[in-house]
Amino acid sequence: MALAFYNTLTGKKETFESLEPRVVRMYNCGPTVYNRAHIGNFRAYLFADTLRRWLECSGFEVRQVMNITDVGHLLDDADDGEDKIEAQAKREKRDPWEISRGHTETFMKDLAALGCEPAFVYPKASEHIPEMLEMIDGLVAKGFAYQVGEDVYFEVKKFPRYGRLSGNTVDSLAAGSRIEVREEKRHPADFALWKSDAHHIMKWESRYGQHGFPGWHIECSAMARKHLGDKIDIHTGGEDNIFPHHESEIAQSECFTGQPFATFWMHTKFLQVDGGKMSKSLGNVYSIDDIRAKGFEPRHLRFCLLRGHYRQPLNFTWPILAESKAALENLDDLAARLRRAQGGQGAAASADDGLEEVADAMDEFRAAMDDDLNTPRAIAALMKLRTHAIEERLGSMAAAQGLKFLENTANKVLGCIRVAEETLDDEIESAIAARQDARKRRDFKESDRIRDELLAQGIVLEDTPKGVIWKRKS
RNA sequence: GGCGGCAUAGCCAAGUGGUAAGGCAGUGGAUUGCAAAUCCACCAUCCCCGGUUCAAAUCCGGGUGCCGCCUCCA
């Protein structure tokens with residue numbers, strides 16, 4: 001089956017074809033760095049990482065760009081035109097630049113902890129003001145935008161397709177608008193490309209005035225264009241970005257270049273916590289540190305998020321995370337079992353036994369991922385393979401193939417299974433041997449003492465008819 | 001008020017016309033010096049009502065509930 005993704009723009013699953021053979025240009029809407037990213041944010045960024053990884057597994061070179069919005073994300077369209085970072089800075093009585101710098105650093109660390117591969121570029125909005133102004137000037141020159149005082153607005157009526165992505169129409173937006181209508185705007189849905197405010201700290205000079213700063217949407221259009229070109233293959237974001245952010249990006253970019261902007265628009269559903277929206281007042285806005293503080297590893301969260309399809313609502317609770325951890329450890333176990341079977345331990349009699357089972361699992365995994373990144377289905381395929389391994393139906397050759405697949409494909413995309421061969425230091429090796437001696441002597445008091453001691457060091461022992469197996473407790 | 005999504009076992013979650021994947025947890029039994037792991041068995045008719053069809057979790061209509069966007073949010 002061919003690689004296919006659900007495209008918000010068309011409302012259908014479509015076969016994926018890149019503009020340039022073997023190359024994918026992908027832009028991911030990244031964070032606005034005014035506070036610490038929470039696990040809900042990471043659902044979207046992890047999706048972008050998964051998509052990138054699967055495209056790479058499918059043989060594409062992926063030019064992945066994830067923006068860092070460090071200026072210009074307006075709190076609202078009201079007269080004061082405050083942006084989120086400045087507002088946060090005011091609250092904390094700190095310098096806005098310092099705020100965005102600090103959160104950017106933390107964001108990078110969190111991404112790495114979650115096992116996300118670094119994008120090729122993380123462009124910052126504040127470093128692309130000239131590119132934004134170039135587009136704004138162009139839009140004004142072409143008549144798609146107009147200046148009022150020192151502000152510039154995009155005129156949505158000039159772009160008939162405005163609303164196509166979100167299903168809104170310009171008229172319905174006007175009718176049901178909760179936006180405070182500003183007199184100076186020609187249409188309530190017109191949005192700011194450039195704002196001016198003398199009190200703003202993060203501001204730039206332009207032909208429109210001395211104290212300007214960009215509107216929220218323009219930075220993505222400008223940075224995508226700068227780093228990927230006028231046309232890109234995929235643009236991702238959270239479902240909340242569909243309107244107005246991505247709708248507005250399309251309008252700006254397409255009016256400026258005269259070409260279609262992105263072929264595929266892909267959006268992640270919100271993560272729910274405790275069955276509802278996470279909120280500060282409920283105290284369930286969790287960060288990666290909260291995950292650690294509860295004794296979990298970031299990879300457990302990664303797996304927890306991958307257990308749900310990105311376009312389905314997904315709920316997060318601590319018991320669900322614990323459940324995910326248990327399930328993930330079974331995949332760690334799959335890797336260990338395949339490795340042992342590869343060496344003949346617990347393998348089927350004939351080396352090529354089970355080749356078909358392994359091939360089936362591989363096919364199912366690939367088919368699931370090709371089908372709009374269906375990670376839950378892909379994970380199920382691995383679990384089935386584990387059943388075969390447990391039943392000792394895989395010969396050494398089949399096990400070797402399965403292990404190779406797990407290492408080079410399945411975990412290349414899931415990115416959270418422990419597939420590496422683990423070794424023990426001599427000290428522990430000899431402790432295990434000593435315990436075996438004690439057991440032979442039926443000195444169970446001593447053997448249990450050693451087992452407890454090893455457990456305290458994170459080593460779990462299992463006595464099978466064929467000998468002792470150890471694994472690391474996570 | 002406008003637009004959209006979702007509703008599958010105790011929990012998580014696949015499945016879009018042919019008699020319900022997978023995981024976690026649980027119960028009973030086996031195995032074990034004990035434990036762990038493993039094995040066997042048990043554990044859903046798919047929110048409700050109506051319709052279409054030989055056949056529906058899957059299509060249509062009507063409810064109910066939850067979530068999201070339209071204002072900052074991934």
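A note on names: the letters A, B, ... follow the listed sequences, proteins ahead of strands, and every chain is numbered from 1. Since we're looking at a predicted model, the values are computed, not measured. Just so it is clear, the values below take in all heavy atoms, side chains as well, and ignore hydrogens, waters and symmetry mates.
Of all heavy-atom pairs spanning A:E117 and A:Q64, the tightest one is O-OE1, 4.4 Å. Heavy atoms only, all atoms of each residue included: A:D372 and A:H309 are closest at O-CE1, 2.8 Å.
Nucleotides B:C43 and B:C54 place their P atoms 33 Å apart, quoted to the nearest Å. B:G28 sits 38 Å from B:A55 when the C1' atoms are compared, rounded to a whole Å. Between B:A21 and B:A14, the two C1' atoms lie 6 Å apart (nearest whole Å). Here, B:G23 and B:G33 have their C1' atoms 33 Å apart, quoted to the whole Å. Distance noted for atom P between B:C47 and B:A20: 15 Å (whole Å). Nucleotides B:G26 and B:G65, compared at atom C1', are 28 Å apart to the nearest Å. Separation of the C1' atoms belonging to B:U45 and B:G17 is 16 Å when rounded to the nearest angstrom. Taking atom C1' on both nucleotides, B:G18 is separated from B:U53 by 11 Å, rounded to a whole Å.
Residue contacts for A:R311: at a heavy-atom cut-off of 4.0 Å it reaches no nucleic acid atom on any strand shown. The residue A:I379 sits apart from the nucleic acid: no heavy atom pair falls under 4.0 Å. Base contact: A:R435 has a heavy atom under 4.0 Å from a base atom. When heavy atoms are screened at a 4.0 angstrom cut-off, A:T317 is found touching no nucleic acid atom at all. A:G237 comes within contact range of the sugar-phosphate backbone alone, with a heavy-atom separation under 4.0 Å but no base atom that close. A:F47 comes within 4.0 angstrom of no nucleic acid atom, judged by non-hydrogen atoms across all strands.
The nearest whole Å value for the distance from the OH atom in A:Y27 to the C1' atom in B:A74 is 14 Å. The interatomic distance linking A:M278 (CE) with B:C67 (P) rounds to 14 Å, in whole Å. Following rounding to the nearest Å, A:N374 (CG) and B:G15 (C1') show an atom-to-atom distance of 9 Å. Following rounding to the nearest Å, A:D240 (CG) and B:A74 (C1') show an atom-to-atom distance of 5 Å. Distance CG (A:L334) to P (B:G23): 12 Å, rounded to an integer number of Å. For the pair A:Y45 OH and B:A74 P, the computed distance is 5 Å after rounding to whole Å. Rounded to an integer number of Å, the gap from CD of A:Q272 to C1' of B:G65 is 13 Å. Between A:H309 atom NE2 and B:C12 atom P the separation is 18 Å, expressed in whole Å.
Between A:W265 and A:H235, the angle of the ring planes stays under 30°, which puts this pair in the parallel group of the 30/60° scheme.
Checked against B:A36, B:C69, B:G33, the side chain of A:V460 finds its nearest nucleotide in B:A36. The A:E462 side chain lies nearest to B:A36 when the options are B:A36, B:G33, B:C67. Side-chain proximity of A:P244 to B:C70, B:G68, B:C24: nearest is B:C70. Picking from B:G22, B:C34, B:G68 the nucleotide with the shortest atom distance to the side chain of A:K277 gives B:G68. Side-chain proximity of A:R442 to B:G33, B:G23, B:A36: nearest is B:G33. Residue A:I320 places its side chain closer to B:C11 than to any other of B:C11, B:G33, B:A74. For A:K269, taking side-chain heavy atoms from C-beta onward, the closest of the listed nucleotides B:G5, B:C12, B:A21 is B:G5. Relative to the side chain of A:F444, the nucleotides B:G33, B:C24, B:C11 differ in distance, and B:G33 lies closest. Listed nucleotides B:A13, B:C12, B:A74 differ in distance to A:P376; the shortest reach to its side chain belongs to B:A13. Side-chain proximity of A:A326 to B:A14, B:A74, B:A25: nearest is B:A25.
Remark: of the listed residues A:E329, A:R299, A:K471, A:R299 is the sole one forming a side-chain contact (heavy atoms from CB on, under 4.5 Å) with A:R418. Between A:F42 and the choices A:L111, A:I291, A:D49, A:L271, the side-chain contact (heavy atoms from CB on, under 4.5 Å) rule is met once, by A:L111.
Between A:N241 and the phosphate of B:C69, there is no side-chain N or O to OP1/OP2 separation shorter than 4.0 Å.
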Enumerate the protein-to-nucleotides 38-45 of chain B contacts in which both atoms are nitrogen or oxygen and the separation is below 3.5 Å.
| residue | atom | partner | partner atom | Å |
| --- | --- | --- | --- | --- |
| B:U38 | OP1 | A:R386 | NH2 | 2.8 |

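At a cut-off of 3.5 angstrom, counting only N and O atoms as typed in the model, there is no donor on one side facing an acceptor on the other between the side-chain of A:E239 and the base of B:G4. In the interface, the side chain of A:D463 is paired with the base of B:C34 through a donor and an acceptor atom under 3.5 Å apart. Between the side chain of A:R451 and the base of B:A36, no donor-acceptor pair under 3.5 Å is found.
Nucleotide B:A55 forms a pair with no other nucleotide shown, judged by Watson-Crick or G-U wobble geometry with both contacts under 3.5 Å. Searching all strands for a Watson-Crick or G-U wobble partner of B:U16 with both distances below 3.5 Å returns nothing. Of all nucleotides present, only B:C70 satisfies the Watson-Crick or G-U wobble test against B:G1, with each distance under 3.5 Å. Of all nucleotides present, only B:A41 satisfies the Watson-Crick or G-U wobble test against B:U27, with each distance under 3.5 Å. The base-pairing partner of B:G61, taking Watson-Crick or G-U wobble contacts with both distances under 3.5 Å, is B:C49.
Side-chain atoms of A:R25 come within 3.5 Å of backbone atoms of A:L228 as a donor-acceptor pair (strictly under, hydrogens ignored). Judged purely by atom type and a 3.5 angstrom limit, A:N28 has no side-chain atom pairing as donor or acceptor with the backbone of A:G30.
Under a 4.0 Å N-O distance rule, the pair A:D290/A:K294 does not qualify as a salt bridge.
Map A:L314 and A:A380 each onto its nearest nucleotide of RNA chain B; the residue landing nearer the 5' end is A:L314. Position along RNA chain B of the nearest nucleotide to A:M383 versus A:D448 favours A:M383 as the more 5'-ward residue.
To the nearest 0.5 Å, atoms CD (A:E14) and OH (A:Y6) are separated by 9.5 Å.
Qualifying side chain to side chain donor-acceptor pair (under 3.5 Å) partners for A:W318, counting only residues two or more places apart in sequence or in other chains: A:Y286.
Between A:Y122 and A:F107, the ring centre distance reaches or exceeds 6.0 Å.
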